[in-house]
Each structure stands twice: as structure tokens, then as C-alpha cells.
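Step one of this worksheet: look at the structure below.
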2 protein chains.
Amino acid sequence: MKKRGYVSSVRSAAAAENRDRVIEAAAKLLREDASIARFSLDTVAKAAGVTRLTVYNQFGSRRGLLEAVFDGIARQGGLHEIADAMAMPDPLMALDRVVEIFCSFWARDAAIGRLHEAMATDPEFAEALLERNERRRKLVRMLTERVAAKTAARRAREGAVDMIFALTSYPMFAMLNRGRPTNEVCHLVQTACRAAVEPLSR
Amino acid sequence: MKKRGYVSSVRSAAAAENRDRVIEAAAKLLREDASIARFSLDTVAKAAGVTRLTVYNQFGSRRGLLEAVFDGIARQGGLHEIADAMAMPDPLMALDRVVEIFCSFWARDAAIGRLHEAMATDPEFAEALLERNERRRKLVRMLTERVAAKTAARRAREGAVDMIFALTSYPMFAMLNRGRPTNEVCHLVQTACRAAVEPLSR
DNA sequence: AAATTAGATATACAATATGTATAGTCAATT
DNA sequence: AATTGACTATACATATTGTATATCTAATTT
């Protein structure tokens, strides 16, 4: 009755391929639908050509699948350019660049909007996504500290950080994006962010 | 077999009382829960001491109940003070006051947050709530036009309108409200709104 | 007083979803 | 040849929205 076990490159490769197909199918469905309402594991499984049970084997739950979809988008989402932006000498230009990067990210895949909707019905998934956003808050805090004069009050700094964090969030992008191209949204957010840090610099 | 029909003040009063009890129970549950996830008509009905079918008789659907809850909150929500604010001679002070009114409104009842979550799973409810928000956009547009110089470009005006509309939205309030008292949120939003219209005035 | 009516109830049913449980299939590996 | 990993087939439990039908009760009309 002992399990000998084995690791098969052929099998794990096939499984990974299957996994990717499911993620891709889920992302496509999220992208095409205008709302998360119609999204179900059954539909995803059929679109991916597997059984619903396979989805559970791979992702554990609906939540697991959604997280995998988000991480898949994030991986190929251009967020790696943040390092270069943060290395820029002028903190205000760095801020502009970071805003631009996140605007592009939010605009990249319409599935991101559906995933944010999913936060409403699944608190644990919401927490998972919020954790991933905390990295952005750290970036914003670093930039704010670089801009702020030493005389600036702590409360004012925290206010600026949270304001910029909110301005660069997906909900903000989504609200500004209706009937407006991404680069214009980006410009609006950049201006608002600069206005938020300006009082700290003097 | 003819319906004679009759209108009874006693009956309709009793029905209205029942209706109010259901709305109140729903609002209370939405207020107490941290997420819309656990909200169900069965729970509401039991909390109100009626049958689930009674809820359907009164509101037609889950969506109908949610709309009734929102309208109930809006009715006693201090939004009537907007008229006085809009009548203020200085448009910037009027803007400050309008921001203050909406901050108070969003902060008034935690159920509002849950209702906004419900927009994710019910597109038609989302549309109903968005329609109610369009009134706010009109206010913002009026104030922006009052501030803007005649030389200000149309696109810049529209940008300012949408930015302020987003800044005064519930999602924005919710993002800034974590660990911060309402009046500080209000101040942050006021400052950001003033910064958004400032470029138009010169 | 008797018939009717509005509102609520009781009960059942249909349709979806998520999630769990068990046994079986098939090819890769030992 | 036996075992194992991934997937499948089928069934089941649970929760939720929404609909259908018959019944109950108190208010109202004739």
C-alpha cells in the first residue's frame, strides 16, 4: 500500500498545458462578458474542453481559478517596468511614469474589470487581490516621501499617499475610462497625482 | 366572477408597515454584514418576520428589494441640502459644500457599501444605481461651468467634470475611508476637487 | 349576515451554482 | 506487470433565486 510516487515531465507538462488552457478559457470568458454574473466553472470547463472536476483538481475552487487568472494577467502585464521608473532621478517624473504603467496595466485586459467585480461576492478573493495591491501602495509611499519636504506633516503625507493610491487604483481607472482613451485617462490621473503631492513639496 | 375591488386604508397601511419592516431588516443585515455575499432573501424574510414570498409580493425580486433599500437610505440621507449649496454665490465654496454633503451621505449607512457590491452580480441593479448617480454628475457639471473661464477648452472641462464625478463617488470615498474619519476624507476630496478645477479658472 | 377581496402564508417545484465523494479510465512510470 | 497521476463519469448535498397553486384571515362590500 505504499506510495512509491514518481515525477513525470511528460505528465506534468500535459497537466500544465491543460491548466493554461483553463486559465486562458476563463480569461477569455471574463473578457467577453460585460459582467461577472454569468461566469461559472461549468462554462469555463466546457470552453476549455475539460470537466468541471478538472478545474477543481487544478485550482481547488472558483476563487483559486480567479486568482490564477489574475496572476496570469499580472505576469505578462508590463509591471516589470516599474523598477526602471522608480530609478528615475526626478520623483515627479517617476510618479508620472508609474501612473502610466498602471493605467496601461488596468487597460490591458478587460478581464481585470470582471475580477474586480468578483471581489464583491467573494471576500477572501477580495483580500487576495487587495494584498497584491499593497505593493502599489509601497511604491506610492516611496515616491511621496521622495517628494515631500521634511517640514511636511505626517498626516499630510499619509493623506497624499492614500489619495494617490486611490487615484491609481482600478476603480478610479474604470470610472474615468468610459468614453475616453487610455492615454487621456492617464493624463488626468497624472495631473491629479501631481496636485496631491504638490502641497508637500514646499 | 367580476372583481369589485376596494381600497382599504387599514390594509394598505398594514402592508406598508410590513414593507417598511422588510426594508429595515434588509438594511440592517446589509449594515451588519461585511459583505453582500451572505445576503439572501430568506434571511431578510426571517429577520422581518415574514415569508420569503411576501418579499416577492412587495418587491418583485431581489433587485427590487435592493433598490427599495437604497431609495430608503437616500430619502433620509441629507441630500436635500444640495439645493442650498448650489445657491451659494461662490462656486468653489459650493463645490466644497457639495463634496461635504456627499461624503456625509456615503458615510451615513454602511449598507450603501454592500449595495455597491451588489452592482457586480446584478447588472440591471448596477444600471439603476448608476442612473441615480447621474444627478450628481449634472451638479458637478454645473459647478465646473461656473468656475471655468470662457477660454477653457471643452476637453479640459469634460476631464474636470469626470474627475470630480469620480472623486465624489462612493468607491473613492470607500478607498479613502479606511482608518480615517469622515471629515478628513472630506477634506482630501475637497482639495483634490479644487485642484481639478483650478486650471480651468485662469 | 354572506360573499368577496387584499395581503400573507404553506408547500411544492424548477433552474443554477458551488463543492464533495466515489469509482473508473488511460497512458506514463517503476 | 503493477502502480501511479491526471482526468473522467456519475451522483449527491447544499444554497439561492424565482415561479406556481392552493389556503388562510381579516377587511370590505352588498
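Quick note on labels: first sequence line is chain A, next is B, and so on, each numbered from 1. Given the structure is predicted, the values throughout are model-derived calculations rather than measurements. Only heavy atoms go into these numbers, but all of them, side chains included; no hydrogens, no water, no symmetry mates.
- Shown here are the side-chain hydrogen bond (donor to acceptor under 3.5 Å, both in side chains) partners of A:Q190, two or more places apart in sequence or in another chain: there are none.
- Of the possible donor and acceptor atoms, one in the side chain of A:S61 sits under 3.5 Å from a partner among the backbone N and O of A:G64.
- Using a 4.0 Å cut-off between a side-chain N of Lys or Arg and a carboxylate O of Asp or Glu, B:R97 and B:E81 qualify as a salt bridge.
- Take A:R62 and apply the salt bridge (Lys or Arg N to Asp or Glu O under 4.0 Å) test, not counting sequence neighbours, and it matches no residue.
- A straight line from CD of B:Q58 to C1' of C:dG7 spans 8 Å, rounded to a whole angstrom.
- Contact check, A:T54 against D:dC7: no side-chain N or O comes under 4.0 Å of OP1 or OP2.
- Among residues two or more places apart in sequence or in another chain, the salt bridge (Lys or Arg N to Asp or Glu O under 4.0 Å) test is passed with A:D71 by A:R132.
- Near DNA chain C, defined here as any heavy-atom distance below 4.0 Å, there are no residues from residues 112-127 of chain B.
- Of the possible polar contacts, none joining the B:D109 side chain to the B:I112 backbone as a donor-acceptor pair under 3.5 Å is found.
- The pair A:R114-A:D33 fails the salt-bridge criterion, with no side-chain N (NZ, NE, NH1 or NH2) lying under 4.0 Å from an Asp/Glu carboxylate O.
- One interatomic measurement links the two molecules: NZ of B:K46 to P of C:dT9, which rounds to 13 Å at whole-angstrom precision.
- For A:R21 and D:dA6, the CZ to P distance is 15 Å, given to the nearest whole Å.
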Practice problem: List the protein contact pattern of nucleotides 24-30 of chain C with one symbol per nucleotide (5' to 3'): B for base contact, S for sugar-phosphate-only contact, - for none; contact means a heavy-atom distance under 4.0 Å. | Solution: ---BBSB
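- Between A:R63 and A:E127 no salt bridge is recorded (no basic side-chain N to carboxylate O distance below 4.0 Å).
- Between B:F173 and B:Y170, the angle of the ring planes lies from 30° to 60°, which puts this pair in the tilted group.
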What protein N or O atoms touch nucleotides 11-18 of chain D N or O atoms at under 3.5 angstrom, if any, and at what distances?
{"from": "D:dT17", "atom 1": "OP1", "to": "B:R62", "atom 2": "NH1", "distance (Å)": "2.8"}
{"from": "D:dT17", "atom 1": "OP2", "to": "B:L41", "atom 2": "N", "distance (Å)": "3.2"}
{"from": "D:dG18", "atom 1": "OP2", "to": "B:Y56", "atom 2": "OH", "distance (Å)": "3.4"}
{"from": "D:dG18", "atom 1": "OP2", "to": "B:R62", "atom 2": "N", "distance (Å)": "3.0"}
{"from": "D:dG18", "atom 1": "N7", "to": "B:R52", "atom 2": "NH1", "distance (Å)": "2.9"}
{"from": "D:dG18", "atom 1": "O6", "to": "B:R52", "atom 2": "NH2", "distance (Å)": "3.0"}

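- The pair A:D162-B:R178 does not meet the salt-bridge criterion, since no charged nitrogen lies less than 4.0 angstrom from a carboxylate oxygen.
- When heavy atoms are screened at a 4.0 angstrom cut-off, A:N18 is found touching the sugar-phosphate backbone but no base atom.
- Using a cutoff of 4.0 Å between basic side-chain nitrogens and carboxylate oxygens, A:R155 and A:E158 are not scored as salt-bridged.
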